[in-house]
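Here is the structure we will look at, set down as structure tokens.
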Amino acid sequence: MQVKVYTIAPDRPLLATLAGGLISMSAGDPLLLPRVTVLLPTRRAARSLREAFLRVTSDGREAGTPLLLPRMRPVGDLDSDELSMVEEAAGQETLAVPPAIPELRRRLLLTQLVLRWANDAAGIC
């Protein structure tokens, strides 16, 4: 499997540039685009990218021409339906957030980690 990572300049419109780039990357092959996976931060970003594909034109086609879209996977942003299914399956205790540890203990643990990292970086055991 070949993994490729691309970047978009910050002055360009992100979703329109991404949609246009993916369409041009498919080079007219309608079956290439559905094999691409796009990781997005939220479900809203995935919906917005779908809409951007509707607005993009290429190869003399009109905007809104039917198109097989890539797989769009939100990395975060669980919705309430997904949470309720997980809670029903596993029980609510597994999703409960443990209480925060006291600040002093947190700082001491962090100090130990930093000292251990500094010793490892210096070659001290």
Side-chain angles (χ1 to χ4, degrees):
M1 176 168 78
Q2 185 177 12
V3 177
K4 294 183 180 182
V5 177
Y6 297 95
T7 61
I8 297 174
D11 62 331
R12 305 290 314 261
L14 178 72
L15 295 176
T17 305
L18 178 60
L22 289 172
I23 288 176
S24 65
M25 181 186 75
S26 68
D29 182 2
L31 299 178
L32 182 62
L33 201 54
R35 292 190 295 215
V36 172
T37 301
V38 180
L39 300 177
L40 297 158
T42 62
R43 291 168 28 101
R44 181 184 299 176
R47 283 192 304 270
S48 297
L49 182 58
R50 275 189 226 111
E51 293 170 6
F53 274 106
L54 289 174
R55 292 187 298 270
V56 171
T57 60
S58 70
D59 302 332
R61 294 186 295 182
E62 292 182 22
T65 302
L67 177 68
L68 294 174
L69 297 178
R71 290 179 297 245
M72 294 177 245
R73 303 281 187 242
V75 183
D77 194 31
L78 290 176
D79 64 0
S80 59
D81 293 338
E82 291 171 336
L83 283 175
S84 65
M85 289 188 328
V86 171
E87 287 175 356
E88 290 172 6
Q92 293 185 357
E93 298 82 29
T94 59
L95 293 178
V97 177
I101 61 174
E103 183 179 349
L104 179 61
R105 178 155 173 74
R106 185 172 58 241
R107 286 179 185 244
L108 291 173
L109 288 171
L110 181 59
T111 303
Q112 287 177 347
L113 290 172
V114 169
L115 288 174
R116 189 177 312 146
W117 172 80
N119 289 341
D120 289 346
I124 302 171
C125 293

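Below, all heavy atoms of this structure are taken into account, side chains as well, without hydrogens, waters or symmetry copies.
- Under the 3.5 Å distance criterion, the side-chain polar atoms of R71 are matched with a main-chain donor or acceptor of R35.
- To the nearest 0.5 angstrom, S48 atom OG is 10.0 Å from L14 atom CG.
- Minimum heavy-atom separation, P34 to L68: CG-CB, 3.5 Å.
- Shortest non-hydrogen contact noted between M25 and L32 is O-CD2, 3.7 Å.
- At a threshold of 4.5 Å between non-hydrogen side-chain atoms, the residues Q112 and L108 do not count as touching.
- In this structure, CD1 in I23 is found 8.5 Å from CG in L69, a value given to the nearest 0.5 Å.
- The two residues F53 and A19 come nearest to each other via the heavy atoms CE2-O, 3.7 Å.
- When all heavy atoms are compared, the tightest approach of T42 to P74 is C-CB, 3.6 Å.
- When every heavy atom of L15 is checked against every heavy atom of L49, the shortest pair comes out as O-CD1, 3.8 Å.
- Atoms CG and CG, from L18 and L40 in turn, are 7.0 Å apart once rounded to the nearest 0.5 Å.
- In this structure, CZ on R107 lies 12.5 Å from CG on L109, to the nearest 0.5 angstrom.
- The CE atom of M72 sits 10.5 Å away from the OG1 atom of T37 when rounded to the nearest 0.5 Å.
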